[in-house]
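Scroll down for the structure; my scribbles are underneath it.
Predicted model only: the values in this text are computed from it and were never measured. The sequence lines fix the lettering, A, B, ..., with proteins before strands; numbering per chain opens at 1.
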Amino acid sequence: MKRVVVSDDFDEIEIWPSESFIRYREIVEKEVKLFSIDGTNLTRVSCPACGSDKRRNGFDKFGLEYVECLECNTLYISLRPKKDIIDKHFKESEASEFWHSNVVKQTLKERIGHLFKPRAMWVANLTEQYCDEPSTFVDINSVYSEFLEAIDRLDLFKDKIIIEPLSENVKSFDERDGFRIIDKSFTDSSLGELGADAVTAFAVIDHVFNPEDFLNTSRSLLSEDGILFFTVRTISGFDLQVLWENSEAIFPPDHLNLLSIEGIELLMERCGFEILELSTPGQLDVELVLNAMEDDNKLEVPRFISYFLKNRDKDARRIFQEYLQQFNLSSHARVAARKR
Amino acid sequence: MGKLKVGIVGFGKMGQIRMNVINNHPDLSLEGICDVDSNGRSCGCEFYEDYMDLLEADIDAVFVCTPNKFSPDIVISALNNQKHVFCEKPPGRNLEDVKNIIKAEKENEGVILKFGFNHRYHGAVLEAKSIVDSGRMGNVLWMRGIYGKAGSTDFEGQWRSNKDVSGGGILLDQGIHMIDLFRFFCGDFPEVKSFVTNSYWDIDMEDNAFALLRNEQDQVAMLHSSSTQWKHTFSLEIYLEGGYIVISGILSSTRSYGHGERLITARKQFEDNSFAMGNPMEEITYFDQDLSWELEIEDFVNCIKKDKKVVVGSSEDAFGAMELVMKIYDGDSKWNEKSSDNDLGGFNQ
């Protein structure tokens, strides 16, 4: 298994413009409170990573409770909205519409340069290394057409499939764009075996009702030497550990499952995957904590962290961020895995 | 085919590394060890003092892990006894040794011969090779390789520092790995310029070699092989039309060439002024495990079981690497003059 560190140079505001992000959170909060009023919409779940029921209370966000698994330290929402409610939210809610038409549009150039192109290269490099003559690519819950265009430009895959797209601009893709769209739930049993050499799912596991089901389905879509690529927010990351309930970056239903690094390993093992890469190449942990301290001068963070961030310069923070990445302590994780 | 019965000749550091891999391999059974010392007597298999006795025993293959002086004769005898052979690098002390081995290989068709250039199987190297071969970063423009040893209190007393046994200094001992990697990425280099020096250690061979190699595609590789590095160092930079790849540190059993093996990749970004100029986004991959020994032996076993041609570590690779080593020695006229006067590590064949 290997780990990856990325040295890039971008700020929180470049991909999460503050005003739009605040507005997005407000809309999500309103919607979560609406579907939480009826208690029958909510259901209790075990740890989505290790399956344990041993837990302790974490904190409340938008009226839903985060609990921490005592076995693997994964943080997750339980009681959580039922699957159909979650699925509907990400397909047709006001929040979803606002995300695509505001946040994404405002930050598209930065997202292409800092996120989509590097992701496409990541997929290409590993697929070519591990698969003989890769031909089929699958993206689940596609949101960003620009990522798919970056994949297309690689000229690596003959058959490119989008399953259950979540944004209108991806839904408008057709065969002229070189993609085939299957607008069914990825858990739909009629999908069958696609024999994919690469399956990608970016920021999907964070919000699926059941990550184990998601991984089992993804596994069934893979060819014998195919690779699953996904990103997920991890509770093992610095900003989330330091800020905990004060983190504005995590809230339901966008982050139902904040798997720990150890939880990711256990879950992949349970689902029959061999991890090729488990990295946390996040860029923003240190900046997120610094920004939170600046936004709220009463915020309590450990003394050393406070001293460090107030008294050391950008270079020191950059090196610390790289250290976090190197030891899988940033909150943005990426995983590449194949069938065992 | 059942398990392959194998033996080991030479039970020093390399022999012991090979034994550990053999004992964990499902298709290999260690039947015998041969050494001039009694190191291998308690390893649970037959022990031999004479390698010919091992070669005449009921074995399919032999791992030759002896110092350079002894390897060629053992390899040739093994081939002539119809044993498949895995031989540690370097493949002898000079080009004549390799030619003799290749002659024996040709006379014993069907017998597999593989040389231990394990660096090609390191995770970072395999990934770099995959990126280069994909062509997505364009052609290789140039490479720069540094491989250096820190030295040690007993450096001058080791067999590697005895010219009669080793045949050459740091270039032949360690630099040959970097030369092999240059060949792995860019093929042969017909043109060589070099400086070879003995500047510190009291040995009758080189302790530093600096070389510039150029191939027919005008790709240039710069080599510095050193035993006066004072800190174990491995660095291979590969610059391509579209970016660069740097392998920094190489995993070893002692972790002395860095605590991790790192592969740095970056694409050139000067086409977009909105991003950091001259400071492209880098991705650094850390490799925690050295699987090179396992992968190398797996390939050897596969070649035997499936009667496949050896592609990595073939006798052509061994000859190619050895020929470049010789050209680097020969390329420095001052070194050649000194070596013929003082019996330094020259190769006046």
| query | For residues A:Asp159 and A:Ser135, is any side-chain donor paired with an opposing acceptor at under 3.5 Å? | reply | no

Against chain A, residues from residues 130-138 of chain B with at least one heavy atom under 4.5 Å, in numeric order, are B:Ser130, B:Ile131, B:Ser134, B:Arg136

Notebook entry, point to check: Hey, is B:Arg18 close enough to B:Glu296 for a salt bridge, meaning N to O under 4.0 Å?
Noted result: yes

For B:Glu294, the salt bridge (Lys or Arg N to Asp or Glu O under 4.0 Å) test, sequence neighbours excluded, returns none

Assert top hit (heavy-atom pairs under 4.5 Å, partner chain B, pool A:Glu322, A:Gln326, A:Gln325) equals A:Gln326

Hits for side chain to side chain contact (heavy atoms under 4.5 Å, CB included) against B:Leu295, two or more places apart or cross-chain, chain-then-number order -> B:Tyr121, B:Leu126, B:Leu291

Applying side-chain hydrogen bond (donor to acceptor under 3.5 Å, both in side chains) to A:His332 and not counting sequence neighbours gives none

Under 4.5 Å to a heavy atom of chain A? For B:Arg267 that would be side chain

Aromatic rings B:Tyr147 and B:His119: how do their planes relate, parallel, tilted or perpendicular, breaks at 30° and 60°?
tilted

When the aromatic ring centroids of B:Phe184 and B:Phe117 are compared, is their separation below 6.0 Å?
no

